[in-house]
Amino acid sequence: MKGKVLIVGGGAMGTCIAMQAASRMDPLKEPVILIEKGQLGSGSSGRAGAIVHQTYSDRALAGMARDAVRLYHHIQSSTGRSVGLRRTGVLAVVEGTDQERIEKLDRDLEMQIGLGIKTRRVNAEEIRQLAPGIEVADDAVGSFEPEGGYIDPARAIHTFGVLARGRGATTRMGVRDLQIEIENGKVRGAHTSAGFFETPNVVLATGSWTARILGGLGVELPLTVVRSQETFLDIPPMDHVDESEDVFDHSGDSDLETRFKPDPLELMPVPHPVILDLTRRFHLHCEPHAELTRIGRLGPEALTPVKSLRNLDKQATPEFIAWSREALAPRMPIYKDMETKGSISHYTTVTQDSRPIVGPVKGVEGLYMVVGFSGSDFHLAPSIGEGIAQMITGEPVTAFDPAFFAPDRF
Ligand SMILES: Cc1cc2nc3c(=O)[nH]c(=O)nc-3n(C[C@H](O)[C@H](O)[C@H](O)COP(=O)(O)OP(=O)(O)OC[C@H]3O[C@@H](n4cnc5c(N)ncnc54)[C@H](O)[C@@H]3O)c2cc1C
């Protein structure tokens, strides 16, 4: 099979790249092909909590997250397909004693507001109103973005895949044994269990498997595979929330309303918004359709390096579950006696400078890589998809700052 580009990996990144590339390329003259060794979403994307927020300190990332939130709000009215966006709002909280983080929060807010992101500074009283049951001291502060929330990762990946195919891309599942063929420093194609794909461009959107594939080509980059974990707790009752007022319907705060009636799942009431506790270092959100609340750890200390991708443990460790309960209890006492309803663990890749690597691989013309997001994928995937498609078609890259992500910075 011949193609203009072969995308390897059907996670959030691969499907977004296919969707954006297919909308720019003629399916007859410049076919876009995506191959996946399992099913779409069978890597770590399918297991993500998929929180979408714009609470970034890097201007480059905040702008991309803003664009993703806009896309997710409009995707149904522009394509008829949903990503299961539940707009609960995202509340970031900082203790009053955490002066350094408060100063950073203020700097970040100024930058985010300058980018047109709907967010605002909130004081302790507003925090308590926004998140019923939260315990904060009177000098706590935070930020609140009404347009944030979370999406349904499986539905989002399915939607990206459907849109890619609708625009002429081919998606092939169960394709294994990838061997990229390079001739005179240029990509010629890839041998696989489904035959040879002849193409001048290969994009590796292969998540945790990327370092191994690159290693096989003699390309060494500082990539570390890490384990990311979340604990599931019972969802709190809605007693303390006045549903008649729908405190989490922030439509009045937004100009991003769609003209479609949202999916009923997207309107299920939640006991509180997504919470990013910047002092106690956890993130928390409720999934009423699954009747559970997910808690994960913020920051790189949350990510334990792993040596092998064989026999991956799909559950969080007992230590992580104990840590989550301890971190949460003083902030949200309502969860103190909630039952643990399971956990999840999967693997992502991080880089030395905690910035993703996106772009052409030095020394191999036509080989691109997209790796190292470690928890920010769904916020950034639409821009990454568009920017990679721009690189391949030779257009100026406007979807992101290529220098920020450049593989050759190492
Ligand atoms: C518990 C947890 C919670 C998370 N929460 C969030 C969150 O709230 N928000 C957020 O944005 N991100 C979150 N993430 C991170 C996010 O899920 C991942 O970092 C992201 O999904 C990676 O996307 P990807 O497309 O690059 O990789 P993946 O989803 O891992 O996709 C890579 C795909 O490539 C395929 N593949 C690999 N090698 C080959 C090959 N040789 N041939 C063919 N196919 C191949 C794999 O089968 C896989 O499907 C979370 C992750 C975890 C584990």
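Indexing begins at 1, ligand by ligand and atom by atom, following the structure's order.
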*Relative to the ring of Tyr150, is the ring of His285 parallel (under 30°), tilted (30 to 60°) or perpendicular (over 60°)?*
tilted
*Who's the nearest protein heavy-atom neighbour of atom 10 (C) of ligand 1, and how far?*
Gly375 O, 3.0 Å
*CZ/Arg155: more than 12 non-hydrogen atoms of other groups inside 6.0 Å*: yes
*Distance filter under 4.0 Å to Ile51 heavy atoms, resulting ligand 1 atoms*: 7 (C), 8 (O), 9 (N)
_Nearest-contact summary for atom 3 (C) of ligand 1 - protein heavy atom, Å_ = Glu230 OE2, 3.3 Å
_Val175, portion touching ligand 1 at heavy-atom distance under 4.0 Å_ = backbone
*Which atoms of ligand 1 have any heavy atom of Thr348 under 4.0 Å away?*
18 (C), 19 (O)
*Is any side-chain N of the basic residue among Glu395 and Arg24 closer than 4.0 Å to the acidic one's carboxylate O?*
yes
*How far apart are the C-alpha atoms of Asp98 and Arg101, what are their side-chain angles, what is the distance that settles it, and do they pass the salt bridge (charged side-chain N to carboxylate O under 4.0 Å, His left out) test?*
CA-CA 6 Å; Asp98 206 347; Arg101 277 213 174 86; 3.1 Å; yes
*Lys/Arg N to Asp/Glu carboxylate O, Asp26 vs Lys4, below 4.0 Å*: no
*What protein heavy atom is closest to atom 18 (C) of ligand 1, reported as residue, atom name and distance in Å?*
Ser44 OG, 3.0 Å
*If you look at every heavy atom in Arg294 and Arg47, which pair is closest and at what distance?*
NH2-O, 2.8 Å
_Check whether Tyr335 forms a cation-pi arrangement with Arg325 (NZ or CZ under 6.0 Å from the six-membered ring centre, at most 45° off the ring normal)._
no
*Could you tell me whether Gln179 atom CD has more than 12 heavy atoms of other residues or ligands within 6.0 Å of it?*
no
_Closest protein heavy atom (residue, atom, distance) for atom 44 (N) of ligand 1_ = Lys37 N, 3.0 Å
*Write out the residue and atom name of the closest protein heavy atom to atom 19 (O) of ligand 1, then the distance separating them to 0.1 Å.*
Asp377 OD1, 2.8 Å
*asked:* My understanding is that only one of Glu135, Glu326, Glu95 makes a salt bridge (charged side-chain N to carboxylate O under 4.0 Å, His left out) with Arg331; could you say which?
replied: Glu95
_Quick check on contacts: which atoms of ligand 1 are under 4.0 angstrom from a heavy atom of Ala205?_
32 (C), 33 (C), 34 (O)
*Which atoms of ligand 1 sit under 4.0 Å from any heavy atom of Ala12?*
25 (O)
*Does some non-hydrogen atom of Ser208 fall short of 4.0 Å from ligand 1?*
no
*asked:* Using heavy-atom distances only, which candidate in Gly11, Ser45, Gly43 approaches atom 29 (O) of ligand 1 most closely?
replied: Ser45
_Nearest candidate to atom 50 (C) of ligand 1, where distance is taken over non-hydrogen atoms, out of Gly9, Pro153, Ala65, Ala48_ = Ala48
*Quick one: nearest non-hydrogen protein atom to atom 26 (O) of ligand 1, plus distance?*
Met13 CG, 3.5 Å
*How does Val8 reach ligand 1, if at all, at less than 4.0 Å between non-hydrogen atoms: by side chain, backbone, both, or neither?*
side chain
*Look at atom 53 (C) of ligand 1 and say which protein heavy atom is nearest, naming residue and atom and giving the distance to 0.1 Å.*
His346 CB, 3.4 Å
*With a 4.0 Å cut-off on heavy atoms, is Gly296 touching ligand 1?*
no
*Of the side chain and backbone of Phe378, name the one, both, or neither that has a heavy atom under 4.0 Å from an atom of ligand 1.*
both
*Please report which non-hydrogen protein atom sits nearest to atom 47 (O) of ligand 1, along with the residue it belongs to and the distance in Å to one decimal place.*
Glu36 OE2, 2.6 Å
*Applying side chain to side chain contact (heavy atoms under 4.5 Å, CB included) between Phe197 and each of Val202, Thr170, Leu178, Ile33, report the one that passes.*
Ile33
*Output field: ring centroids Tyr56/His379 closer than 6.0 Å*: yes
